[in-house]
Trainee: 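A single structure is presented below for examination.
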Amino acid sequence: MAEKQNLEDALTQFKNCSPIFIALGDATRQKILIDLAEAGTEGINVAQLSGKSILSRPAISHHLKVLKDSGIIEPVKKGTQIFYKLCLEKKLADIKVLIQMVENIICTI
């Protein structure tokens, strides 16, 4: 049987990762992430993203806000424009910790 503290820690980690899962659970945001990955380290702005989509700029901005709030992307201001780029390292580390916690719990069952 899994230790109570391990279960509580895993629940806390699930809560920490929840915004990531919510952000990644939408097909439009998944496509935006692919577009951001293609843009590389320079990033991409809302106008460029809307050119790759049938969505309006306000709709793209909404999805970018969800991704930004989850910590998956970061805005970078260049002159008067804001470019968005991926910043997945910390969030991937959080998910890896969660996976390890779940694996440990499963092994004790």
Side-chain angles (χ1 to χ4, degrees):
M1 184 170 177
E3 290 185 33
K4 183 173 176 143
Q5 186 60 49
N6 290 348
L7 295 172
E8 290 174 4
D9 291 345
L11 183 58
T12 299
Q13 192 64 14
F14 267 113
K15 288 178 185 175
N16 290 341
C17 292
S18 182
I20 303 164
F21 297 139
I22 290 168
L24 295 176
D26 181 86
T28 299
R29 290 191 285 273
Q30 293 165 8
K31 170 69 167 87
I32 289 171
L33 287 175
I34 298 301
D35 291 339
L36 288 167
E38 285 179 344
T41 57
E42 292 299 311
I44 191 168
N45 65 23
V46 175
Q48 294 167 324
L49 282 170
S50 65
K52 295 175 166 272
S53 172
I54 61 169
L55 297 175
S56 65
R57 285 185 187 189
I60 295 286
S61 293
H62 164 75
H63 288 292
L64 288 170
K65 180 182 180 338
V66 173
L67 292 167
K68 184 180 75 142
D69 290 348
S70 73
I72 295 173
I73 66 171
E74 65 181 4
V76 177
K77 189 164 181 155
K78 294 181 183 177
T80 60
Q81 296 185 7
I82 297 176
F83 288 78
Y84 295 88
K85 64 180 191 172
L86 295 174
C87 60
L88 294 169
E89 295 82 17
K90 180 179 180 336
K91 296 304 172 179
L92 289 176
D94 289 343
I95 292 171
K96 287 177 184 178
V97 168
L98 175 61
I99 291 169
Q100 185 63 50
M101 289 176 152
V102 171
E103 286 176 343
N104 290 340
I105 290 168
I106 291 171
C107 288
T108 61
I109 296 177

Trainee: Same hydrophobic cluster for V97 and L7, using side-chain heavy-atom links shorter than 4.5 Å among ILVMFWY?
Mentor: no

Trainee: Should V66 and D26 be marked as a side chain to side chain contact (heavy atoms under 4.5 Å, CB included) after you check the CA-CA gap, both sets of side-chain angles, and the distance that decides it?
Mentor: CA-CA 10 Å; V66 173; D26 181 86; over 6 Å; no

Trainee: Roughly how far, to the nearest 0.5 Å, is CG of L92 from CD1 of I72?
Mentor: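 Result: 8.5 Å between the selected atoms.
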
Trainee: State yes or no: do I32 and V46 share one hydrophobic cluster built from I, L, V, M, F, W and Y residues joined by side-chain heavy-atom distances below 4.5 Å, directly or via other members?
Mentor: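 They do share one cluster, since a chain of ILVMFWY contacts under 4.5 Å joins I32 to V46.
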
Trainee: What heavy-atom pair brings Q13 and D94 nearest, and what distance separates the two atoms?
Mentor: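 Minimum heavy-atom separation between Q13 and D94: NE2-O, 2.9 Å.
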
Trainee: Taking all non-hydrogen atoms of both residues, which atom of S50 and which atom of A47 are closest, and how far apart?
Mentor: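 Closest pair (atom of S50, atom of A47, distance): OG-O, 3.0 Å.
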
Trainee: Could you tell me whether a side-chain N or O of K52 sits under 3.5 Å from a main-chain N or O of K31, the two making a donor and an acceptor?
Mentor: no

Trainee: In this structure, would I105 and I95 fall into the same cluster of hydrophobic residues linked by side-chain contacts under 4.5 Å?
Mentor: no

Trainee: Are I22 and L86 connected in the hydrophobic side-chain network, where two residues link if heavy atoms are under 4.5 Å apart?
Mentor: no

Trainee: Looking at every heavy atom in both G79 and K77, which two are closest together, and how far apart are they?
Mentor: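 Here G79 and K77 meet closest at O-CE, 3.2 Å.
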
Trainee: Would you name the heavy atoms of S70 and P19 that are closest together and state the gap between them?
Mentor: CB-O, 3.5 Å

Trainee: List for me each residue that meets side-chain hydrogen bond (donor to acceptor under 3.5 Å, both in side chains) alongside K96, sequence neighbours excluded, and say none if there are none.
Mentor: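 Partners of K96 under the side-chain hydrogen bond (donor to acceptor under 3.5 Å, both in side chains) test: none.
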
Trainee: Measuring from atom CG of N45 to atom CD1 of I60, what distance do you get when rounded to the nearest 0.5 angstrom?
Mentor: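 Those atoms lie 11.0 Å apart.
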
Trainee: Is there a path of hydrophobic side-chain contacts, each under 4.5 Å between heavy atoms of I, L, V, M, F, W or Y residues, that connects I106 with I99?
Mentor: yes

Trainee: For K68, which residues count as a side-chain hydrogen bond (donor to acceptor under 3.5 Å, both in side chains) partner, sequence neighbours excluded?
Mentor: none

Trainee: So for atom CD, which belongs to Q5, do other residues, nucleotides or ligands contribute more than 12 heavy atoms lying within a distance under 6.0 Å?
Mentor: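 Yes, enclosed.
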
Trainee: Quick check for you: to the nearest 0.5 Å, what is the distance between I44 atom CD1 and I73 atom CD1?
Mentor: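 So the CD1 of I44 and the CD1 of I73 are separated by 11.0 Å.
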
Trainee: Can you name the nearest heavy-atom pair linking P75 to Y84, along with the distance?
Mentor: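 That would be CB-CE2, 3.8 Å.
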
Trainee: Just verifying a value: how many Å separate E42 CD and Q48 CD, rounded to the nearest 0.5 Å?
Mentor: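 So the gap between those two atoms works out to 10.5 Å.
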
Trainee: Is any side-chain heavy atom of D9 closer than 4.5 Å to a side-chain heavy atom of M101?
Mentor: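 Answer yes - side chains close enough.
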
Trainee: About how many Å separate CG of L24 and CG of L33, when rounded to the nearest 0.5 Å?
Mentor: 6.0 Å

Trainee: Looking at F14, is its backbone amide N or carbonyl O close enough to the side chain of S18 to form a donor-acceptor pair, meaning the two atoms are under 3.5 Å apart?
Mentor: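 The answer is no, because no donor-acceptor pair under 3.5 Å joins these two groups.
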
Trainee: Quick one, H63 and L55 - any side-chain contact, counting heavy atoms below 4.5 Å?
Mentor: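 In short, these two side chains touch, coming nearer than 4.5 Å.
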
Trainee: Quick one, Q30 and I34 - any side-chain contact, counting heavy atoms below 4.5 Å?
Mentor: no

Trainee: Give me the atom names and distance for the closest heavy-atom approach of T41 to K85.
Mentor: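 Result for this residue pair: O-CD, 3.6 Å.
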
Trainee: Do N104 and N6 come close enough that some side-chain heavy atom pair is under 4.5 Å?
Mentor: no

Trainee: Please round to the nearest 0.5 Å and tell me the distance separating atom NZ of K90 and atom CD1 of I20.
Mentor: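 Those atoms lie 8.0 Å apart.
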
